[in-house]
Amino acid sequence: MTVNIPHNLPRPEAEERIKKLLDNVKTKFGSMIQDLQEEWNGDTGNFKFKMSGQPVSGSLHLNDASITVNLVLPMIASMFKGKIQSVIEEEGAKILS
């Protein structure tokens, strides 16, 4: 799943804010997310965690006018794809506005 989150921020400000996205998602989903790992290399952050015991991985890429989130979901989570996508879009928009 790929989600693009637009922004009108200077690049350094967008980077500072987007690094908070995973923490916000973890707070929102609470005990469903475990073992969150995040590593940034330049404009790309790679992450992985377990959601209800299932592995989830992906990346965040900082662009001049948007953030691209690529997410690899386990098959069982695909039925919640719409909800997951809207949470990422909502939380990303809050952080980047």
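Values reported hereafter were calculated over all heavy atoms of this structure, with side chains retained and with hydrogens, waters and symmetry mates removed. Every value quoted in this text rests on a predicted model; they were computed, and no experiment measured them.
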- [ ] May I ask you to decide whether Glu15 forms a salt bridge with Lys19, counting only side-chain N to carboxylate O separations under 4.0 Å?
- [x] yes
TODO: Give, for atom CG of Leu96 and atom CD1 of Ile18, the distance between the pair rounded to the nearest 0.5 Å.
DONE: 4.5 Å
Open item on the list: Let me confirm one number: the NZ-CD distance from Lys48 to Glu38, rounded to the nearest 0.5 Å.
Closed with: 13.0 Å
Open item on the list: Quick check on the hydrophobic clustering: are Trp40 and Ile67 connected, directly or via other members, by side-chain heavy-atom contacts under 4.5 Å?
Closed with: yes
Task: Contacts of type salt bridge (Lys or Arg N to Asp or Glu O under 4.0 Å), residue Lys94, not counting sequence neighbours - done: Glu91
Task: Minimum heavy-atom distance Gln54-Pro74, with the two atoms named - done: CB-CG, 3.5 Å
Task: Heavy-atom pair of closest approach, residues Asn46 and Ser59 - done: OD1-CB, 3.4 Å
Task: Qualifying residue, where the test is side chain to side chain contact (heavy atoms under 4.5 Å, CB included) with Leu60 and the options are Val69, Leu71, Asn70 - done: Val69
Task: Heavy-atom pair with the smallest gap, counting every atom of Val56 and Leu73 - done: CG1-CD2, 4.2 Å
Task: Shared hydrophobic cluster, Phe49 / Ile76 (ILVMFWY, side-chain heavy atoms < 4.5 Å) - done: yes
Open item on the list: Has His7 got a side-chain atom pairing as donor or acceptor with Asn63's backbone, closer than 3.5 angstrom?
Closed with: yes
Task: Any Val3 side-chain heavy atom under 4.5 Å of Met1 side chain - done: yes
Donor-acceptor contacts under 3.5 Å from residues 79-88 side chains, at least two apart:
unit_1	atom_1	unit_2	atom_2	d
Gln85	NE2	Glu89	OE2	3.2
Ser86	OG	Gly82	O	3.1
Ser86	OG	Lys83	O	3.2

- [ ] Mind checking the OG-CZ spacing from Ser97 to Arg17? Nearest 0.5 Å is all I need.
- [x] 7.0 Å
Task: Same cluster (ILVMFWY, side-chain, under 4.5 Å), Met32 and Leu36 - done: yes
- [ ] Taking all heavy atoms of Ala93 and all of Ile5, pick out the closest pair and write down the distance.
- [x] N-CG2, 3.9 Å
Task: Straight-line distance of Asp43 CG to Thr68 OG1, nearest 0.5 Å - done: 11.0 Å
Task: Minimum heavy-atom distance Leu62-Ala14, with the two atoms named - done: CD1-CB, 3.8 Å
